[in-house]
Asker: 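Take this structure, written in structure tokens, and hold onto it; I'll ask about it next.
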Amino acid sequence: MERTRALELVRENVSQENLVRHMLATEAIMKALAVRLNADPERWGLAGLVHDLDVEETTGRPEVHGRETVSRLRAAGLGDEEVLGAVASHNPANGTVIESDMGRALFAADPLTGLITAAALIHPEKKLELVKLKSLKKRYKEPAFARGARREDIATIEQLGLGLEEFLQLGLDAMQAVSGDLGL
Ligand SMILES: [Fe+2]
């Protein structure tokens, strides 16, 4: 099964568990977005799951981050051209441009995982189930909170016809559904 092979490849390439969890969180949100938009949850999920495969290898080389992942996926025979394109274009610094709704979804889902994870970690229990939409909306509006979760990138979800509030709720639901895998 493609998903099993993809997760193996992620684990072969990424040693830091928090990074693997970030990719699992992105997979969950991508699948939920696909369901919402009548797209293919398996392929959208695959793009999310593998999108940062090369992150440790390309540290300090943003111009190749994403491109290297595409090379590895091609070598492994994983993903179709739309998946590979979405993975490449989640990082504009490598010179690729977003060309599909899958790519648009990935670009917005990627930073949302960071915001939601940070919102869970501020609770002493560090549990996703304690995060509510209301507090997530409040945190979204605080620029100093989880600064790396770029709000302007999250907001691009509007290109796919989702409102920000709907996207925050969708992301929260999706991550809560796999909270065990995320360790949260
Ligand atoms: Fe990412």
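Fair warning: this is a prediction, and the values are worked out from it, not measured in the lab. The basis for the numbers below is simple: all heavy atoms, side chains too, and nothing from hydrogens, waters or symmetry mates. Both counts, for ligands and for their atoms, begin at 1 and track the order of listing.
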Asker: Using the test side-chain hydrogen bond (donor to acceptor under 3.5 Å, both in side chains), find all partners of Q176 that sit at least two apart in sequence or belong to another chain.
Answerer: none

Asker: What I'd like to find out is whether the side chain of L160 reaches to under 4.5 Å of the side chain of F167, using heavy atoms alone.
Answerer: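 With C-beta onward as the side chain, the pair stays apart.
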
Asker: Output all residues satisfying salt bridge (charged side-chain N to carboxylate O under 4.0 Å, His left out) with R5, sequence neighbours left out; order by chain, then residue number.
Answerer: E8, E12

Asker: Considering only heavy atoms from C-beta outward, does the side chain of H51 approach that of T69 to under 4.5 Å?
Answerer: no

Asker: Who pairs with N91 by side-chain hydrogen bond (donor to acceptor under 3.5 Å, both in side chains), at least two apart in sequence or on another chain?
Answerer: none

Asker: Output yes when a side-chain donor or acceptor of T26 lies under 3.5 Å from a complementary backbone atom of H22, and no otherwise.
Answerer: yes

Asker: Please report the number of protein N, O or S atoms that lie less than 2.8 Å from the Fe ion (ligand 1).
Answerer: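 Total protein N/O/S atoms under 2.8 Å from the Fe ion (ligand 1): 4.
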
